[in-house]
Amino acid sequence: MVRLLSAALAGVVASVASAQVTTTIVQVNASGAQLETAGFTRVGLEPFVSQRAGECYVNGCFTTAGISGTLATKGYFEFQFLDFVNNPNYYNGLYTVLDVNYGATGMSRDGLIALINAETGTTGVTALLPTQASDGQASSFFNQWLSADLQDAIVLRWLPANAPATGSGLSSVYTFAWDVTGVSTFTGAGLGVDGVYGLPAPGAVGLLGLAGLFGRRRR
């Protein structure tokens, strides 16, 4: 009886832990613990930190925070901001830059964007091209400052319930997860993930010429 009860309780805990996890390509509403219970692999040992970038930090200019390399195809990462300044004129949400390797799958970037956006009603995440993604003033399009090897990446935007507030110290931790293992391809081959980065709406970085600060890949 004790063993049966323990097993039942364990099942309840697992169910609760994964309650926010969805069967979508990307998601932002589940915690790290919930995602790991559902089989997602964490990228990085701790949250990546995005920091002020130059004098335009007052407009929301912060460094990209993330990692490049061969990453899990079902994974997640966490990031936060140091000494954040939320300028309502520029802030229009958080962004993740996801570098996908299509290999010989026959899948295109446009095709994957369409699949992700078909799930926006569930996830609250919109997938964009670097030429489409910008701040609230349309003054800093991602293709203006992303490094050359990320120009073919997908930019994902969402509005978190706990938007980062202006203040000293580290902000809340934000979690972004992806699962490309179930994406159907023409050849049956699988997609790969070569990098992931988080940042807030980038302010007027394109106008202020800080592409070098934002173009670096951070490990």
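Because the structure is a prediction, the values reported are computed rather than measured. As a basis for the values below, the full set of heavy atoms in this structure was taken, side chains included, without hydrogen atoms, waters or symmetry mates.
- Among residues two or more places apart in sequence or in another chain, the salt bridge (Lys or Arg N to Asp or Glu O under 4.0 Å) test is passed with E78 by R42.
- Under the 4.5 Å side-chain criterion, counting only non-hydrogen atoms from C-beta, F62 is not in contact with P202.
- Between L129 and I113 there is a side-chain heavy-atom pair separated by less than 4.5 Å.
- For the pair W178 (side chain) and A72 (backbone), a donor-acceptor distance under 3.5 Å is present.
- V183 places a side-chain heavy atom less than 4.5 Å from the side chain of L115.
- A donor-acceptor contact shorter than 3.5 Å links the side chain of K74 to the backbone of A38.
- For the pair N87 (side chain) and V58 (backbone), a donor-acceptor distance under 3.5 Å is present.
- No side-chain donor from either of D110 and S108 sits under 3.5 Å from a side-chain acceptor of the other.
- Taken to the nearest 0.5 Å, the CD atom of E119 stands 5.0 Å off from the OG1 atom of T24.
- Remark: Y102 engages no residue in a ring pair (Phe, Tyr, Trp, His ring centres under 6.0 Å) (not counting sequence neighbours).
- Applying the ring pair (Phe, Tyr, Trp, His ring centres under 6.0 Å) test to F79 and every residue at least two apart in sequence or in another chain returns F77, F81.
- Within the 4.5 Å cutoff, no side-chain heavy atoms of R109 are placed close to those of V100.
- Atom CZ of F84 and atom CD of Q51 lie 13.5 Å apart (nearest 0.5 Å).
- What you find for Q151 and N143 is that their closest heavy atoms are NE2-O, 3.2 Å.
- Side-chain contact between N89 and N59 is absent, with no heavy-atom pair separated by less than 4.5 Å.
- In this structure, Q80 and P47 approach most closely via the heavy-atom pair OE1-CB, 3.6 Å.
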Checklist entry - Where do T41 and L35 land on the side-chain contact (heavy atoms from CB on, under 4.5 Å) test, with the steps shown first? => result CA-CA 8 Å; T41 299; L35 290 164; over 6 Å; no
Next on the checklist: For a side-chain contact (heavy atoms from CB on, under 4.5 Å) check, start with the C-alpha distance between V43 and F40, then their side-chain angles and the critical distance, and finish with the verdict.
Outcome noted: CA-CA 9 Å; V43 173; F40 287 75; over 6 Å; no
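- Residue N101 holds its CG atom at 13.0 Å from CE of M107, rounded to the nearest 0.5 Å.
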Checklist entry - Passes side-chain contact (heavy atoms from CB on, under 4.5 Å), V97 versus T64? Steps please. => result CA-CA 9 Å; V97 178; T64 50; 5.6 Å; no
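- With rounding to the nearest 0.5 Å, the separation of CG in D194 from CG in D149 is 10.0 Å.
- A pairwise comparison of heavy atoms in V21 and Q27 identifies CA-OE1, 3.4 Å as the closest pair.
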Name the atoms and distances for all side-chain donor-acceptor pairs under 3.5 Å in residues 155-163, with sequence neighbours left out.
from, atom 1, to, atom 2, distance (Å)
R157, NE, N92, O, 2.7
R157, NH2, N92, O, 2.6

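- Pairs of residues two or more places apart, or lying in two chains, never qualify as salt bridge (Lys or Arg N to Asp or Glu O under 4.0 Å) while including a residue from residues 21-38.
- Rounding to the nearest 0.5 Å gives a distance of 8.0 Å between CG of L170 and CG of D83.
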Next on the checklist: Run V180 and I25 through side-chain contact (heavy atoms from CB on, under 4.5 Å) and show every step you take.
Outcome noted: CA-CA 6 Å; V180 297; I25 299 171; 4.3 Å; yes
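- In this structure, V26 and T123 approach most closely via the heavy-atom pair O-CG2, 3.1 Å.
- Nearest heavy-atom pair across P200 and G60 is CG-O, 3.8 Å.
- The minimum heavy-atom distance linking Q34 with Q20 is given by the pair OE1-CB, 3.4 Å.
- A 4.5 Å side-chain heavy-atom check between D99 and D152 finds at least one atom pair inside the cut-off.
- Scored by the side chain to side chain contact (heavy atoms under 4.5 Å, CB included) test, A189 finds T105, T187 as partners (sequence neighbours excluded).
- Note that CD1 of I67 is 8.0 Å distant from OH of Y197, once rounded to the nearest 0.5 Å.
- T166 places a side-chain N or O within 3.5 Å of a backbone atom of N86 that can act as its donor or acceptor partner.
- A donor-acceptor contact shorter than 3.5 Å links the side chain of S134 to the backbone of S140.
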